[in-house]
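Notes to accompany the following structure.
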Amino acid sequence: MEKLKQLYEGKAKKVYATDDENFFIVEYKDDATAFNGEKRGTITGKGVVNNKMSNILFKMLEANGVKTHFVEELSDRETLVKAVKIIPLEIIIRNVAAGSFSKRYGVEEGRALKAPTLEFSLKDDALNDPLINNSHIIALDIASEAELKVISDMAFKINELLKNYFANIGVKLIDFKIEMGRDANNNIILADEISPDTCRFWDAKTNEKLDKDRFRRDLGNVEEAYQEMFKRVNK
Ligand code: UDP
(Lines give C-alpha, C1' and ligand atoms only; values in the text may rest on other atoms or scores of the structure.)
Protein backbone atom coordinates (compact mmCIF):
# COMPACT_ATOMS: atom_id res chain seq x y z
CA MET A 1 0.00 0.00 0.00
CA GLU A 2 1.26 3.44 -0.89
CA LYS A 3 2.20 5.98 1.79
CA LEU A 4 0.50 9.26 0.92
CA LYS A 5 0.15 12.58 2.70
CA GLN A 6 0.87 13.03 6.40
CA LEU A 7 -2.41 13.38 8.30
CA TYR A 8 -1.06 14.03 11.75
CA GLU A 9 2.16 14.40 13.70
CA GLY A 10 2.06 13.59 17.40
CA LYS A 11 4.78 13.64 20.01
CA ALA A 12 6.09 10.17 19.20
CA LYS A 13 4.44 9.14 15.92
CA LYS A 14 3.36 10.36 12.52
CA VAL A 15 0.26 9.08 10.77
CA TYR A 16 -0.03 8.90 6.97
CA ALA A 17 -2.93 8.30 4.62
CA THR A 18 -2.66 5.42 2.14
CA ASP A 19 -4.30 4.83 -1.22
CA ASP A 20 -7.06 2.96 0.68
CA GLU A 21 -9.15 5.09 3.04
CA ASN A 22 -9.57 2.13 5.38
CA PHE A 23 -5.87 2.03 6.27
CA PHE A 24 -3.24 4.34 7.73
CA ILE A 25 0.52 3.98 8.07
CA VAL A 26 2.03 4.96 11.43
CA GLU A 27 5.69 5.87 11.73
CA TYR A 28 7.41 5.82 15.12
CA LYS A 29 9.95 8.53 16.01
CA ASP A 30 12.75 8.65 18.59
CA ASP A 31 11.40 11.94 20.02
CA ALA A 32 10.49 11.79 23.67
CA THR A 33 8.42 14.25 25.68
CA ALA A 34 7.18 14.27 29.26
CA PHE A 35 5.08 16.48 31.50
CA ASN A 36 2.80 17.49 28.64
CA GLY A 37 5.68 18.50 26.35
CA GLU A 38 7.63 20.53 28.94
CA LYS A 39 10.56 18.08 28.86
CA ARG A 40 11.88 17.09 25.44
CA GLY A 41 14.59 14.77 24.25
CA THR A 42 15.58 11.91 22.01
CA ILE A 43 15.79 8.27 22.98
CA THR A 44 17.89 6.64 20.26
CA GLY A 45 16.24 3.51 18.90
CA LYS A 46 12.98 4.08 20.77
CA GLY A 47 10.89 4.28 17.59
CA VAL A 48 12.05 0.84 16.47
CA VAL A 49 11.50 -0.71 19.91
CA ASN A 50 8.02 0.81 20.32
CA ASN A 51 6.92 -0.17 16.81
CA LYS A 52 8.08 -3.76 17.08
CA MET A 53 7.04 -4.25 20.70
CA SER A 54 3.55 -2.86 20.07
CA ASN A 55 3.15 -5.18 17.11
CA ILE A 56 4.21 -8.27 19.06
CA LEU A 57 1.80 -7.35 21.88
CA PHE A 58 -1.08 -6.51 19.53
CA LYS A 59 -0.64 -9.89 17.81
CA MET A 60 -0.69 -11.64 21.20
CA LEU A 61 -3.86 -9.74 22.18
CA GLU A 62 -5.54 -10.55 18.83
CA ALA A 63 -4.72 -14.23 19.35
CA ASN A 64 -6.61 -13.94 22.64
CA GLY A 65 -9.73 -12.32 21.16
CA VAL A 66 -8.96 -8.60 21.51
CA LYS A 67 -9.68 -6.61 18.34
CA THR A 68 -6.85 -4.19 17.48
CA HIS A 69 -5.89 -1.85 14.62
CA PHE A 70 -2.78 -3.91 13.77
CA VAL A 71 -2.51 -5.10 10.16
CA GLU A 72 1.13 -5.54 9.13
CA GLU A 73 4.60 -4.38 10.10
CA LEU A 74 6.07 -2.61 7.06
CA SER A 75 9.54 -1.72 8.35
CA ASP A 76 11.48 -1.15 11.58
CA ARG A 77 9.53 2.02 12.22
CA GLU A 78 6.38 1.70 10.10
CA THR A 79 3.18 -0.28 10.53
CA LEU A 80 0.01 -0.56 8.48
CA VAL A 81 -3.06 -0.14 10.70
CA LYS A 82 -6.81 -0.02 10.26
CA ALA A 83 -8.10 3.54 10.04
CA VAL A 84 -10.02 4.46 13.19
CA LYS A 85 -11.36 7.62 14.74
CA ILE A 86 -9.59 7.82 18.08
CA ILE A 87 -11.87 8.24 21.10
CA PRO A 88 -10.18 11.15 22.95
CA LEU A 89 -9.64 9.28 26.21
CA GLU A 90 -6.49 8.02 27.88
CA ILE A 91 -7.61 4.72 29.35
CA ILE A 92 -5.40 3.99 32.33
CA ILE A 93 -5.20 0.70 34.21
CA ARG A 94 -3.13 0.26 37.38
CA ASN A 95 -2.03 -2.84 39.28
CA VAL A 96 0.47 -1.13 41.58
CA ALA A 97 0.42 2.48 42.84
CA ALA A 98 2.83 4.82 41.02
CA GLY A 99 3.10 8.22 39.35
CA SER A 100 0.12 10.55 39.47
CA PHE A 101 -2.00 8.02 41.41
CA SER A 102 0.54 7.91 44.22
CA LYS A 103 0.71 11.71 44.32
CA ARG A 104 -3.04 12.25 44.16
CA TYR A 105 -3.93 9.77 46.91
CA GLY A 106 -0.77 9.93 49.04
CA VAL A 107 0.04 6.26 48.49
CA GLU A 108 3.67 5.13 48.35
CA GLU A 109 4.90 3.99 44.93
CA GLY A 110 5.08 0.24 44.74
CA ARG A 111 2.08 -0.57 46.92
CA ALA A 112 0.17 -3.42 45.28
CA LEU A 113 -3.48 -2.50 44.77
CA LYS A 114 -6.19 -4.78 46.13
CA ALA A 115 -7.73 -4.89 42.64
CA PRO A 116 -6.79 -3.36 39.27
CA THR A 117 -8.15 0.19 38.80
CA LEU A 118 -9.44 1.95 35.71
CA GLU A 119 -9.49 5.69 35.14
CA PHE A 120 -9.97 8.00 32.19
CA SER A 121 -8.29 11.25 31.24
CA LEU A 122 -9.58 13.52 28.51
CA LYS A 123 -6.96 13.65 25.73
CA ASP A 124 -6.51 17.41 25.50
CA ASP A 125 -3.01 18.89 25.84
CA ALA A 126 -4.34 22.45 26.22
CA LEU A 127 -6.27 21.29 29.31
CA ASN A 128 -3.42 19.07 30.55
CA ASP A 129 -5.38 15.81 30.07
CA PRO A 130 -7.77 16.21 33.04
CA LEU A 131 -9.29 13.19 34.77
CA ILE A 132 -12.84 12.58 33.56
CA ASN A 133 -15.53 10.28 34.96
CA ASN A 134 -18.09 8.05 33.24
CA SER A 135 -21.03 10.43 33.62
CA HIS A 136 -18.96 13.31 32.19
CA ILE A 137 -17.95 11.13 29.23
CA ILE A 138 -21.60 10.29 28.52
CA ALA A 139 -22.79 13.89 29.09
CA LEU A 140 -20.16 15.28 26.72
CA ASP A 141 -21.06 12.62 24.13
CA ILE A 142 -17.49 11.30 24.01
CA ALA A 143 -18.79 7.74 24.32
CA SER A 144 -22.15 6.14 25.11
CA GLU A 145 -22.88 4.14 28.22
CA ALA A 146 -22.84 0.92 26.16
CA GLU A 147 -19.51 1.88 24.60
CA LEU A 148 -18.05 2.65 28.04
CA LYS A 149 -18.96 -0.88 29.12
CA VAL A 150 -17.16 -2.29 26.06
CA ILE A 151 -14.13 -0.06 26.69
CA SER A 152 -13.91 -1.01 30.38
CA ASP A 153 -14.33 -4.75 29.77
CA MET A 154 -11.69 -4.63 27.02
CA ALA A 155 -9.28 -2.66 29.20
CA PHE A 156 -9.49 -5.12 32.11
CA LYS A 157 -9.15 -8.09 29.75
CA ILE A 158 -6.08 -6.50 28.12
CA ASN A 159 -4.63 -5.98 31.60
CA GLU A 160 -5.00 -9.66 32.50
CA LEU A 161 -3.38 -10.77 29.23
CA LEU A 162 -0.52 -8.27 29.48
CA LYS A 163 0.10 -8.94 33.19
CA ASN A 164 0.49 -12.67 32.51
CA TYR A 165 2.59 -12.10 29.42
CA PHE A 166 5.03 -9.80 31.25
CA ALA A 167 5.15 -12.00 34.37
CA ASN A 168 6.48 -14.76 32.11
CA ILE A 169 9.41 -12.57 31.04
CA GLY A 170 10.28 -11.36 34.53
CA VAL A 171 8.50 -8.00 34.39
CA LYS A 172 5.85 -6.50 36.68
CA LEU A 173 3.22 -4.50 34.80
CA ILE A 174 2.67 -1.59 37.20
CA ASP A 175 0.27 0.48 35.07
CA PHE A 176 -0.37 1.48 31.47
CA LYS A 177 -2.30 3.78 29.16
CA ILE A 178 -4.17 2.61 26.08
CA GLU A 179 -6.31 4.31 23.46
CA MET A 180 -9.23 2.94 21.50
CA GLY A 181 -10.90 4.03 18.30
CA ARG A 182 -14.02 3.41 16.22
CA ASP A 183 -13.52 1.56 12.94
CA ALA A 184 -15.58 2.04 9.75
CA ASN A 185 -18.41 -0.04 11.31
CA ASN A 186 -18.27 1.84 14.62
CA ASN A 187 -16.73 -1.13 16.38
CA ILE A 188 -14.39 -0.17 19.19
CA ILE A 189 -10.89 -1.56 18.71
CA LEU A 190 -7.55 -1.11 20.44
CA ALA A 191 -5.35 1.49 18.68
CA ASP A 192 -2.23 3.59 19.39
CA GLU A 193 0.66 1.66 21.00
CA ILE A 194 1.74 -0.45 23.99
CA SER A 195 5.38 0.23 24.78
CA PRO A 196 7.80 1.50 27.45
CA ASP A 197 6.45 4.99 26.59
CA THR A 198 2.96 4.03 27.71
CA CYS A 199 3.51 1.40 30.43
CA ARG A 200 5.41 1.18 33.68
CA PHE A 201 7.56 -1.95 33.70
CA TRP A 202 9.57 -3.00 36.78
CA ASP A 203 12.00 -5.90 36.81
CA ALA A 204 10.29 -8.66 38.84
CA LYS A 205 13.39 -9.41 40.93
CA THR A 206 15.03 -6.01 41.46
CA ASN A 207 12.16 -3.55 40.82
CA GLU A 208 14.50 -1.73 38.43
CA LYS A 209 12.47 0.63 36.22
CA LEU A 210 12.49 -0.44 32.56
CA ASP A 211 10.32 2.28 31.03
CA LYS A 212 9.96 5.98 30.27
CA ASP A 213 10.24 6.92 33.96
CA ARG A 214 14.01 6.65 33.37
CA PHE A 215 13.64 9.61 30.98
CA ARG A 216 11.01 11.50 33.00
CA ARG A 217 13.04 11.25 36.22
CA ASP A 218 16.57 11.48 34.74
CA LEU A 219 17.54 8.02 36.03
CA GLY A 220 20.05 7.32 33.24
CA ASN A 221 20.36 4.19 31.05
CA VAL A 222 17.21 5.15 29.18
CA GLU A 223 18.15 3.54 25.84
CA GLU A 224 19.39 0.44 27.68
CA ALA A 225 16.03 0.01 29.44
CA TYR A 226 14.11 0.16 26.13
CA GLN A 227 16.52 -2.36 24.57
CA GLU A 228 16.26 -4.67 27.61
CA MET A 229 12.45 -4.67 27.39
CA PHE A 230 12.61 -5.35 23.66
CA LYS A 231 15.04 -8.23 24.19
CA ARG A 232 12.67 -9.85 26.70
CA VAL A 233 9.57 -9.40 24.54
CA ASN A 234 11.24 -10.43 21.27
CA LYS A 235 12.08 -14.03 22.31
N1 UDP B 1 0.69 7.52 30.45
C2 UDP B 1 0.88 7.72 29.09
N3 UDP B 1 0.60 8.94 28.55
C4 UDP B 1 0.16 9.98 29.30
C5 UDP B 1 -0.04 9.78 30.68
C6 UDP B 1 0.24 8.54 31.22
O7 UDP B 1 1.26 6.81 28.37
O8 UDP B 1 -0.09 11.07 28.75
C9 UDP B 1 0.99 6.20 31.05
C10 UDP B 1 2.22 6.23 31.91
O11 UDP B 1 3.36 5.83 31.18
C12 UDP B 1 1.92 5.23 32.99
C13 UDP B 1 0.39 5.27 33.10
O14 UDP B 1 -0.09 5.86 31.91
O15 UDP B 1 2.28 3.92 32.56
C16 UDP B 1 -0.11 6.04 34.30
O17 UDP B 1 0.48 7.32 34.30
P18 UDP B 1 0.21 8.36 35.47
O19 UDP B 1 -1.23 8.73 35.46
O20 UDP B 1 0.77 7.84 36.74
O21 UDP B 1 0.93 9.68 34.98
P22 UDP B 1 2.43 10.18 35.11
O23 UDP B 1 2.90 9.85 36.47
O24 UDP B 1 3.15 9.48 34.00
O25 UDP B 1 2.25 11.64 34.85
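Just so you know, these numbers come straight off a predicted model, no measurement behind them. One-based numbering, in listed order, for ligands and for the atoms of each.
Heavy atoms of Arg94 found under 4.0 angstrom from ligand 1 belong exclusively to the side chain.
Remark: the Thr79 side chain and the Asn55 side chain contain an N/O donor-acceptor pair separated by less than 3.5 Å. Side chains of Asn207 and Lys172: a donor-acceptor N/O pair is present below 3.5 angstrom, by distance only. With 3.5 Å as the limit, one finds no donor-acceptor pair spanning the side chains of Arg94 and Ser102. Side-chain contact check for Asn95 and Asn159: at least one donor-acceptor pair (N or O, by modelled atom type) lies under 3.5 Å. Side-chain atoms of Asp76 and Tyr28 include no donor-acceptor pair closer than 3.5 Å.
Every atom of ligand 1 with a heavy atom of Gly99 under 4.0 Å away is listed here by number and element: 20 (O), 23 (O).
For ligand 1, the polar-atom distance check against Ser100 finds a nitrogen or oxygen pair separated by under 3.5 Å.
Ligand 1 lies within reach of Asp197, whose nearest heavy atom is under 4.0 Å from it. In this structure, Arg216 is part of the shell of residues with a heavy atom less than 4.0 angstrom from ligand 1. In this structure, Lys212 does not count as a contact residue of ligand 1, since none of its heavy atoms falls inside 4.0 Å of the ligand.
The protein heavy-atom contact nearest to atom 17 (O) of ligand 1 is Arg200 NH1, 3.5 Å. From the protein, the heavy atom lying nearest to atom 3 (N) of ligand 1 is Lys177 CE, 3.6 Å. Residue, atom and distance of the protein heavy atom nearest to atom 4 (C) of ligand 1 are Glu90 OE1, 3.3 Å.
With sequence neighbours excluded, the residues that form a side-chain contact (heavy atoms from CB on, under 4.5 Å) with Gln227 are Val49. Glu72 pairs by the salt bridge (charged side-chain N to carboxylate O under 4.0 Å, His left out) definition with nothing, not counting sequence neighbours.
For atom 12 (C) of ligand 1, the choice among Ile93, Asp129, Asp175, Asn128 with the nearest heavy atom turns out to be Asp175.
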